[in-house]
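Ligands are counted one by one from 1 in listed order, and the atoms in each one are counted from 1 as well.
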Amino acid sequence: MTAAPVEPSTDGEVALSVRDLHTAVGGRRGSLRLVRGVGFDLHRGRTLALVGESGSGKSVTALSIAGLLPAGVRVTGGQVLLDGQDVVRWTEGRRRALRGGTVGMVYQDPMTALNPVMRVGSQVAEGLRAHGWDRAAGRRRTLEVLDEVGLPTPGALARLYPHQLSGGMRQRVLIACALAPRPRVLIADEPTTALDVTIAQQILDLVTDLRDEYGLAVLWITHDLGVVARIAESTAVMYAGRIVERGRTADLFARPSHPYTQGLLRSVPAADQPHQGLLPQIGGTPVSPATLPGGCPFRTRCPQQVERCADQEPPLLRRGPAEAACWVPPEDWRPVGAAEVRHG
Ligand SMILES: Nc1ncnc2c1ncn2[C@@H]1O[C@H](COP(=O)(O)OP(=O)(O)OP(=O)(O)O)[C@@H](O)[C@H]1O
């Protein structure tokens, strides 16, 4: 099989639509809700950043979309629409065979994600075979994609083992594995965290270039607000398994609506000078799925809480282009209808 190349696009076509996604772990004796009603659209040629503290549900959201949840964790509600098809309902076999060809995923640590005893080229080719490519086409595509991710002399490099490469080169190989079947969507889960600043910048530039060239829709998970400001047109902020604020990155950095986002961005001096660095600490203890309080989960740490916050969890509300799940914004905020979910 030789799939047609993905054509460049700037038309804003929706590649992936996530609607009211719920994911839980556990069974009959009690389950914990890890993702609680997440929704967003991801457009071709655009990057959506997913930010939030550790444990807020970013990775579980990504794994739910990619169909790679570990045993015991399952999607319990909502839709993941790829090309209009709800892949949540697909059988495990169909998901494995087809989804990786549509959604590619890159992780933080290339050394653990790559097989240390398998040559680089074989790892890329093996992934292609799993998506139905024949041996000869897979070999050609392997060399092509190693070149696309900027690795020198792909023929010689394909014969090396991961430990013979630098950290940055290994991350490029991982990106090659993800992009080899020509997916429409790339999910990058903290792919630059383990890299030094210069190499991380090269990887950011590479993914942005590949996104623009092939019209990829990118979901970029990060703790690093400096990265968000550089690469993502839109940002979604997660807290306790939900998106609590979403909007265009420039707007959200300039005028954060949710007290949690305000806390994260407190050190931002101005809209045109976005924060450079990792998520700042917010006072109090983050809640976990096992210790979710009633009402708004952020209220225990929120400097602006009002009585209503303890009674009921706020829905996602909208005013103009801003969306936030908070009771404190003024009363002209309106609920976001499922059909209106946008940004990405
Ligand atoms: N396999 C699992 N079994 C039980 N709980 C899990 C499992 N995987 C994740 N969780 C829990 O789900 C919640 C969300 O985890 P997740 O890894 O998505 O957070 P995250 O926002 O990606 O954090 P980080 O930034 O540290 O990666 C956490 O409370 C975590 O402990």
Side-chain angles (χ1 to χ4, degrees), residues 16 18 20-40 42 47-78 80 88 92 103 105-113 171 174 178 185-195 200 218-228 231-232 234-246 258 260-261 263-265 275 277-282 284-293 296-298 300-301 313 325:
L16 166 74
V18 178
D20 197 26
L21 180 71
H22 292 260
T23 302
V25 62
R28 264 182 239 141
R29 287 161 60 205
S31 68
L32 293 176
R33 300 171 67 200
L34 309 182
V35 172
R36 306 180 304 121
V38 162
F40 54 81
L42 210 56
T47 300
L48 171 69
L50 198 55
V51 302
E53 286 168 311
S54 195
S56 56
K58 305 180 299 294
S59 296
V60 173
T61 298
L63 294 170
S64 303
I65 295 166
L68 296 170
L69 287 169
V73 185
R74 67 196 189 289
V75 173
T76 54
V80 175
V88 166
E92 183 69 17
V103 179
M105 188 140 177
V106 182
Y107 303 89
Q108 176 177 338
D109 184 354
M111 204 52 200
T112 41
Q171 193 54 280
L174 215 55
V185 176
L186 180 71
I187 300 179
D189 192 349
E190 302 268 7
T192 57
T193 307
L195 304 173
V218 178
L219 180 65
W220 193 288
I221 296 173
T222 183
H223 285 105
D224 191 328
L225 297 177
V227 167
V228 174
I231 64 160
S234 301
T235 298
V237 181
M238 279 193 83
Y239 189 79
R242 289 187 73 195
I243 290 177
V244 295
E245 181 158 5
R246 185 178 56 209
H258 196 283
Y260 177 62
T261 318
L264 293 180
L265 294 168
H275 177 86
L278 303 179
L279 292 184
Q281 296 295 310
I282 293 179
T285 314
V287 292
S288 79
T291 60
L292 275 185
C296 172
F298 186 59
T300 53
R301 306 167 73 191
E313 188 161 7

Side-chain contact, heavy-atom cut-off 4.5 Å: [X] with [Y]?
X: Met105; Y: Ile65; answer: no
X: Thr235; Y: Val51; answer: yes
X: Leu50; Y: Met238; answer: yes
X: Val73; Y: Thr23; answer: yes
X: Arg33; Y: Leu292; answer: no
X: Arg301; Y: Pro286; answer: yes
X: Pro293; Y: Val287; answer: yes
X: Glu313; Y: Pro297; answer: yes

**Item:** Within-shell test, Gly57 vs ligand 1, heavy atom, strictly < 4.0 Å
**Value:**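 Gly57 counts as a contact of ligand 1 under the 4.0 Å cut-off.
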**Request:** Compute the minimum heavy-atom distance from Met238 to ligand 1 and say whether it is under 4.0 Å.
**Result:** no
Which atoms from ligand 1 have a heavy atom of [X] less than 4.0 Å away?
X: Glu53; answer: 21 (O)
X: His223; answer: 25 (O)
X: Pro70; answer: 1 (N)

Top protein contact for [atom], by heavy-atom distance:
atom: atom 25 (O) of ligand 1; answer: Lys58 NZ, 2.9 Å
atom: atom 14 (C) of ligand 1; answer: Gly55 O, 3.4 Å
atom: atom 17 (O) of ligand 1; answer: Ser59 CB, 3.6 Å
atom: atom 29 (O) of ligand 1; answer: Pro289 CD, 3.1 Å
atom: atom 6 (C) of ligand 1; answer: Leu34 CD1, 3.8 Å
atom: atom 3 (N) of ligand 1; answer: Val25 CG2, 3.7 Å

**Prompt:** Heavy atom under 4.0 Å from ligand 1: found in Ser54's side chain, backbone, both, or neither?
**Reply:** both
**Item:** Per-residue contact class, Val60 against ligand 1 - non-hydrogen pairs under 4.0 Å
**Value:**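 Within the 4.0 Å criterion, Val60 contacts ligand 1 through backbone and side-chain atoms alike.
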**Asked** Ignoring hydrogens and geometry, is there a side-chain-to-backbone donor-acceptor pair from Lys58 to Glu53 under 3.5 Å?
**Response** yes
**Prompt:** Is the backbone of His223 close enough, under 3.5 Å, to the side chain of Glu190 for a donor and an acceptor to pair up by distance?
**Reply:** yes
**Request:** Assign the ring pair His258 / Phe298 to parallel, tilted or perpendicular, where the plane angle (0 to 90°) is split at 30° and 60°.
**Result:**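 Because their plane-to-plane angle lies in the 30° to 60° range, the rings of His258 and Phe298 count as tilted.
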**Item:** Nitrogen or oxygen atoms of Thr61 and ligand 1 under 3.5 Å apart
**Value:**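 By distance alone, the answer is no.
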**Prompt:** Any N or O on Glu190 sitting closer than 3.5 Å to an N or O of ligand 1?
**Reply:** no
**Asked** Of the listed options (Thr291, Val73, Val35, Ile221), which comes nearest to atom 1 (N) of ligand 1 when hydrogens are ignored and any heavy atom counts?
**Response**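 Nearest option to atom 1 (N) of ligand 1, by heavy atoms: Val73.
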**Asked** Distance below 4.0 Å between atom 31 (O) of ligand 1 and any protein heavy atom?
**Response** no
